[in-house]
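One structure is given below, encoded as structure tokens.
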Amino acid sequence: MKNIVVLGVGVAAAPLIRQTMRNVVLKDKDYKMIVVAPNTHFHWPIAMPRVIVPGQLADDKAMIDLRPFFNEYPEAQFEFVLGTASAMDPASNTVTIAPSEGGSRTVNYHTLVVATGSSSPDMPWKVMGSTEQTKQRLHELQQQIEAAKTIVVVGAGATGTETAGELGFEYAKAGKKDVYLVYNDKLPLTPPTMDSVRKAAKNELEKLKVKLVPNTTVSAVEQSGNDTILTLTSADGTTKTLTAQAYIPSTGLVPNTSFVPANLLDNRGYIKQTKALLAEGHDNIFVLGDVGNLEASKAGTASAQTIHLVKALPIYFKGGAMPAYSPNTTEISAVTLGRSRATGQMGSFKLFSYLIYYAKGRYLGTDYAHLIAAGKKSMLTNFEK
Ligand SMILES: Cc1cc2nc3c(=O)[nH]c(=O)nc-3n(C[C@H](O)[C@H](O)[C@H](O)COP(=O)(O)OP(=O)(O)OC[C@H]3O[C@@H](n4cnc5c(N)ncnc54)[C@H](O)[C@@H]3O)c2cc1C
């Protein structure tokens, strides 16, 4: 039996799992797919800036049970192990798994797909330990937001900017709560986003009455009862404190590579990923999505890589020459700013607010996330079955 081991079931892996089951595994009884992930539910990060706002989107719009999809496959050729990869050894083609129920298990692989993505420590933007733990943290955050007089979002990448927009739309615009966005640059969003797009984000957030605190970092965080007291240090060195009842850090993601041997990683901790989407120096370890260092961590990128690998894997399993993947070189961004406006760019063209709002902001992908979870769609294409 040749094991195809897939680590992670996120935006990148979910469609690959279904399509490879259909294109390769179910056509040849010699193959078995073993999927390892700590989440019972597919997690859809794109909707999370709105999911955290109480009463906006139900949990199941962004967290979709994977088990009914997996139950379609014969046990002899498919296994879902709830747990995490805790070590891998390319020399012996083995992965060690820490199952959620306890213990340890080592599995041998013919082919390994690492799609373990990235995490946001202490925030439910991504899977936190398990689906249950993620939901628990989400509900705690929703309660804090509900009860808060002051909400502080820290970090103005796309996630922080969108979150401030959602909270501004719901609360600050109508004067119901104070919403602050603290960030360490002159404008929200980050390069390579164009300044015109970043200025548009600033203008929209101001219209939503979000209080912008640019050129500032958080130098200390203290908890006192229900209050979080943040010490803010501005670029000129002055400090002040800001007290909030809901504190929402959005200062970036870390790659989930603690189980990967150091020689496979770059100096930022991402897996060195070739244009064949392989781990550098290994011809049976594929790397997909946020965890790889070939492109920026975006769902669009993860989807493009998935589409490539869905087509390339059947060739690889027949021993054919692997086609090369062409990384995207056009900067594309779409940033929702509350429940009626947005901004973004395609290459050097700034896109119309309403166009992005219509395409993304209305539903934040919750109208199709269940199809990605099922593996029938990626963000960029529908698969035949
Ligand atoms: C709030 C937010 C909003 C976003 N909005 C957008 C957007 O609008 N547009 C866009 O293009 N991108 C967006 N992104 C980025 C996008 O979500 C990611 O690029 C995408 O999720 C990457 O998919 P992935 O499958 O590589 O990783 P992930 O979605 O992170 O999935 C990783 C999977 O691996 C599992 N895993 C983790 N560790 C292990 C382990 N040790 N063993 C086994 N499994 C493991 C996880 O539980 C999960 O199942 C957003 C991100 C966030 C956080």
Side-chain angles (χ1 to χ4, degrees), residues 5-17 34-52 62-64 66 80-88 95-100 112-121 123-131 133-134 138 153 155 157-163 166 248 250-260 270-271 273 277 287-292 294-306 328 331-336 342 344 356 359-361 363-365 369 372-373 378-380:
V5 176
V6 180
L7 305 179
V9 193
V11 176
L16 185 85
I17 290 167
I34 301 173
V35 173
V36 182
N39 46 307
T40 50
H41 290 54
F42 175 80
H43 190 88
W44 181 239
I46 290 175
M48 293 314 287
R50 190 169 300 161
V51 174
I52 67 162
M63 287 175 254
I64 298 146
L66 289 160
F80 177 41
V81 184
L82 195 62
T84 51
S86 56
M88 64 184 260
V95 173
T96 306
I97 302 166
S100 301
L112 179 67
V113 180
V114 185
T116 48
S118 55
S119 299
S120 42
M123 285 299 292
W125 305 133
K126 293 288 195 89
V127 174
M128 294 179 70
S130 67
T131 296
Q133 283 169 287
T134 315
L138 168 65
V153 180
T159 298
T161 300
E162 289 196 334
T163 302
E166 294 294 328
I248 306 180
S250 310
T251 48
L253 300 165
V254 287
N256 295 323
T257 52
S258 58
F259 64 93
V260 180
Y270 290 82
I271 302 180
Q273 184 185 25
L277 305 183
V287 179
L288 208 52
D290 276 15
V291 78
L294 191 60
E295 296 178 275
S297 294
K298 289 186 178 181
T301 305
S303 296
Q305 294 186 2
T306 298
N328 176 39
E331 175 60 18
I332 302 169
S333 68
V335 180
T336 299
I356 304 172
K360 177 185 172 187
Y363 305 122
L364 294 179
I372 300 184
S378 78
M379 265 181 89
L380 306 175

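We count ligands from 1, going down the list as the structure has it; atoms in each ligand are counted the same way. In this chain, numbering begins with 1 at the start of the sequence shown.
Between the side chain of H43 and the backbone N or O of W125 there is at least one donor-acceptor pair closer than 3.5 Å. With hydrogens and angles ignored, the 3.5 Å screen pairs no side-chain donor or acceptor of W44 with any backbone N or O of A373. Remark: side-chain polar atoms of E295 are not paired, donor with acceptor, to backbone N or O of T301 under 3.5 angstrom. Remark: side-chain polar atoms of T116 are paired, donor with acceptor, to backbone N or O of N256 under 3.5 angstrom. A donor-acceptor contact shorter than 3.5 Å is absent between the side chain of T257 and the backbone of V260. Using modelled atom types, one side-chain atom of T131 and one backbone atom of H41 make a donor-acceptor pair closer than 3.5 Å. Side chain of S119 to main chain of V254: no donor-acceptor pair is present (N/O by atom type, distance under 3.5 Å, no hydrogens or angles). When atom types are taken as modelled, the side chain of E166 and the backbone of R50 share no donor-acceptor pair closer than 3.5 angstrom. Checking side-chain atoms of K126 against main-chain N and O of G117 turns up no donor-acceptor pair under 3.5 Å. Remark: side-chain polar atoms of T134 are paired, donor with acceptor, to backbone N or O of M128 under 3.5 angstrom.
Of the heavy atoms in T159, only side-chain atoms (C-beta onward) come closer than 4.0 Å to ligand 1. Looking at T116 against ligand 1, both its backbone and its side chain come within 4.0 Å, counting heavy atoms.
Under a 4.0 angstrom heavy-atom cut-off, S120 registers as lying outside contact with ligand 1. Close to ligand 1: K360, with a non-hydrogen atom less than 4.0 angstrom away. The closest approach between a heavy atom of A37 and any atom of ligand 1 is below 4.0 Å.
When only interatomic distances are considered, the shortest N/O to N/O separation between V11 and ligand 1 falls below 3.5 Å. Taking only nitrogen or oxygen atoms, main chain and side chain alike, L253 does not reach within less than 3.5 Å of ligand 1. At least one N/O-N/O distance between A12 and ligand 1 falls below 3.5 Å. Taking distance alone, with nitrogen or oxygen atoms compared against 3.5 Å, T84 stays at or beyond that limit from ligand 1. Every N/O-N/O distance between P45 and ligand 1 stays at or above 3.5 Å. Looking at ligand 1, you won't find any N or O of W125 less than 3.5 Å from one of its N or O atoms. At least one N or O atom of V9, backbone or side chain, sits closer than 3.5 Å to an N or O atom of ligand 1. The shortest N or O to N or O distance between G300 and ligand 1 is below 3.5 Å.
In terms of protein heavy-atom proximity, atom 27 (O) of ligand 1 is nearest to G117 CA, 3.2 Å. Counting only heavy atoms of the protein, atom 38 (N) of ligand 1 lies nearest to N256 CB, 3.7 Å. Shortest contact from atom 31 (O) of ligand 1 to any protein heavy atom: G10 CA, 3.4 Å. Protein heavy atom nearest atom 28 (P) of ligand 1, with residue, atom name and distance: K126 NZ, 3.7 Å. At the top of the distance list for atom 9 (N) of ligand 1, counting protein heavy atoms only, stands I46 CD1, 3.9 Å.
Residue A115 has at least one heavy-atom neighbour below 4.0 Å for each of these atoms of ligand 1: 32 (C), 33 (C), 34 (O). The distance from ligand 1 to the heavy atoms of N39 drops below 4.0 Å at these ligand atoms: 46 (C), 47 (O), 48 (C), 49 (O). Close approach of ligand 1 to S297 is summarised as follows: ligand atoms under 4.0 Å from at least one heavy atom of the residue are 19 (O). Heavy-atom proximity to K298, at under 4.0 Å, picks out these atoms of ligand 1: 11 (O), 12 (N), 19 (O). The F259 neighbourhood of ligand 1 comprises atoms 41 (N), with distances under 4.0 Å to a heavy atom of that residue. Of all the atoms in ligand 1, the ones that sit under 4.0 Å from a non-hydrogen atom of V36 are 43 (C), 44 (N). Near A85, meaning under 4.0 Å from any of its heavy atoms, are these atoms of ligand 1: 40 (C), 41 (N), 42 (N), 43 (C). The distance from ligand 1 to the heavy atoms of S118 drops below 4.0 Å at these ligand atoms: 30 (O).
Nearest to atom 26 (O) of ligand 1 by heavy-atom distance, out of V287, D290, I52, is D290. Considering only non-hydrogen atoms, atom 12 (N) of ligand 1 lies nearest to A299 out of A14, G8, A299.
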